[in-house]
Amino acid sequence: MCFLFVVVPSPPENVTVISKTSRVVNISWTPGFNGNSDILNYTVEISTDNQAFAEARCSGLSSSGCVVSNSFTSASLVDLHPGKTYYIRVFANNKVGSSAVSSVITTTTDEEVPNVPPANVTGNNVTSTSIFVKWDEVPADNQNGIIVNYTVTYTEVPSGNPGTKIVIAPRRNATLARLKKYTNYSITVFASTAKGGGSRSDPIIVITDADIDLVLGIPILVPAHRALHTTKSTNQEKPDLSNTRQGRERELR
């Protein structure tokens, strides 16, 4: 008489990534030895650190986990995050129990542009023609890949042609130079991955310094920047020179 011993199955073999996008990874495998008992199903597990594994979420399955019928040897893992590395393994189940896990495979989802702009963008004038700008990182869960650079845009207010300055990551500051004196500038920052640039930060307004009269120690206001005002005076009054070098010289005559 021949006895057939039923044991737990062998782990699935040849687990392979067959395609992927930024949020979906499709895998396949081949069955191992069934333990002399029909395979009931396969379970797919996933991890972001190769230490703590949990059941993946798979397309077409009503449960929150990824338990695949024995008639399938593939699965579509969904609800993943762009630009993130995942570790995936599979095990088989028969009436006796579960197999050991398969070899772990590693894959990284495709990148997307960042979800949100850099936070805490601030700026201050350094001289009459330069402004220093700095910002915080895009939060890790919103980077959607590797941040390769930041783009600082700046535009003279109320009207002017925009300028840009590209800053290579991980640096998160920039000095904007060759600006107009005593002028308001609207400044924004956005981060980019290899897929392109994300959304811009809310604009901040920073004004460059006025030059200082080295004799009198007072700002020299540049008449050209009166364009900053929203109203235009029609009075043809002579300018008040009492607080300028010319005015002081007249008083001494």
Side-chain angles (χ1 to χ4, degrees), residues 3-117 137-149 169-170 190-199:
F3 293 95
L4 189 66
F5 291 97
V6 178
V7 295
V8 296
S10 298
E13 300 172 348
N14 304 316
V15 181
T16 305
V17 173
I18 54 178
S19 66
K20 63 179 179 177
T21 65
S22 59
R23 298 177 184 271
V24 177
V25 171
N26 298 303
I27 66 169
S28 67
W29 59 87
T30 55
F33 171 56
N34 65 5
N36 295 319
S37 176
D38 290 341
I39 298 295
L40 299 177
N41 50 52
Y42 299 93
T43 302
V44 182
E45 294 184 324
I46 194 167
S47 170
T48 57
D49 61 5
N50 203 22
Q51 300 294 322
F53 281 82
E55 287 190 19
R57 289 184 57 84
C58 288
S59 176
L61 298 180
S62 58
S63 66
S64 59
C66 187
V67 180
V68 181
S69 166
N70 62 357
S71 58
F72 294 94
T73 55
S74 63
S76 182
L77 284 60
V78 298
D79 295 343
L80 305 180
H81 197 83
K84 198 171 189 67
T85 298
Y86 290 95
Y87 303 87
I88 301 167
R89 66 189 189 186
V90 184
F91 60 87
N93 304 287
N94 66 9
K95 68 180 182 180
V96 177
S98 299
S99 72
V101 295
S102 68
S103 298
V104 175
I105 61 169
T106 305
T107 188
T108 301
T109 51
D110 294 344
E111 295 187 354
E112 293 181 2
V113 301
N115 281 346
V116 299
E137 278 188 318
V138 175
D141 287 343
N142 301 111
Q143 291 181 8
N144 293 342
I146 298 173
I147 302 298
V148 293
N149 60 52
F190 66 85
S192 298
T193 64
K195 291 293 185 178
S199 56

Item checked: V90 and V101: CA distance, side-chain angles, deciding distance, side-chain contact (heavy atoms from CB on, under 4.5 Å) verdict -> CA-CA 6 Å; V90 184; V101 295; over 6 Å; no
Check: Just one of L77, I27, N26, D110 clears the side-chain contact (heavy atoms from CB on, under 4.5 Å) bar with K20, so which one?
Finding: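 Only one option passes, and that is D110.
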Next item on the list: Have a look at S76 and tell me which of C66, S19, S59, C58 forms a side-chain contact (heavy atoms from CB on, under 4.5 Å) with it.
Entry: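 Of all the options given, the one that passes is S59.
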Next item on the list: Decide whether T108 and T85 meet the rule of one side-chain donor and one side-chain acceptor closer than 3.5 Å.
Entry: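 Yes, T85 and T108 have a side-chain donor paired with an acceptor closer than 3.5 Å.
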Any idea which heavy atoms bring [X] and [Y] closest together, and the distance?
X    : Y    : value
V15  : I105 : O-CG2, 3.3 Å
S10  : A92  : O-CB, 4.3 Å
T109 : H81  : OG1-O, 2.6 Å
N14  : T16  : O-OG1, 3.0 Å
G198 : F190 : O-CB, 3.7 Å
P9   : G97  : CD-O, 3.7 Å

Item checked: salt bridge (Lys or Arg N to Asp or Glu O under 4.0 Å) against E112, all qualifying residues, sequence neighbours excluded ->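 E112 satisfies salt bridge (Lys or Arg N to Asp or Glu O under 4.0 Å) with R23 only.
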Say whether, by atom type as modelled, one donor and one acceptor occur between the side chain of [X] and the main chain of [Y] under 3.5 angstrom.
X   : Y   : result
T30 : E13 : yes
S37 : V6  : no
N36 : F5  : yes
T21 : V24 : yes

Margin query: I need the full list of side-chain hydrogen bond (donor to acceptor under 3.5 Å, both in side chains) pairs touching residues 86-101, with sequence neighbours left out, sorted by first then second residue.
Written below: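 For residues 86-101: N41-N93, T43-N93, E45-R89, N93-S98.
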Notebook entry, point to check: NZ of K195: more than 12 outside heavy atoms within 6.0 angstrom?
Noted result: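 Check fails, neighbour count at 12 or below.
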Margin query: Within the supplied structure, the quantity of interest is the number of heavy atoms (other residues, nucleotides, ligands) at a distance under 6.0 Å from F33 CZ; does it exceed 12?
Written below: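 Yes, CZ of F33 has more than 12 neighbouring heavy atoms, counting only those of other groups under 6.0 Å.
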Check: To the nearest 0.5 Å, how far apart are CD1 in I88 and CG in L80?
Finding: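 Here the rounded value is 7.5 Å.
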Item checked: S74 OG to W29 CH2 distance, which is reported to the nearest 0.5 Å ->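 Atom-to-atom, S74:OG and W29:CH2 are 6.0 Å apart.
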Check: Among pairs that include at least one residue of residues 140-149, which meet salt bridge (Lys or Arg N to Asp or Glu O under 4.0 Å), considering only residues two or more places apart or in two chains?
Finding: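 Not a single pair qualifies under salt bridge (Lys or Arg N to Asp or Glu O under 4.0 Å).
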Item checked: Pair V96-V7, side-chain contact (heavy atoms from CB on, under 4.5 Å): steps then yes or no -> CA-CA 6 Å; V96 177; V7 295; 5.6 Å; no
Notebook entry, point to check: Do S22 and N144 have side-chain heavy atoms sitting under 4.5 Å apart?
Noted result: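 They are not in contact (no side-chain heavy atoms under 4.5 Å apart), so the answer is no.
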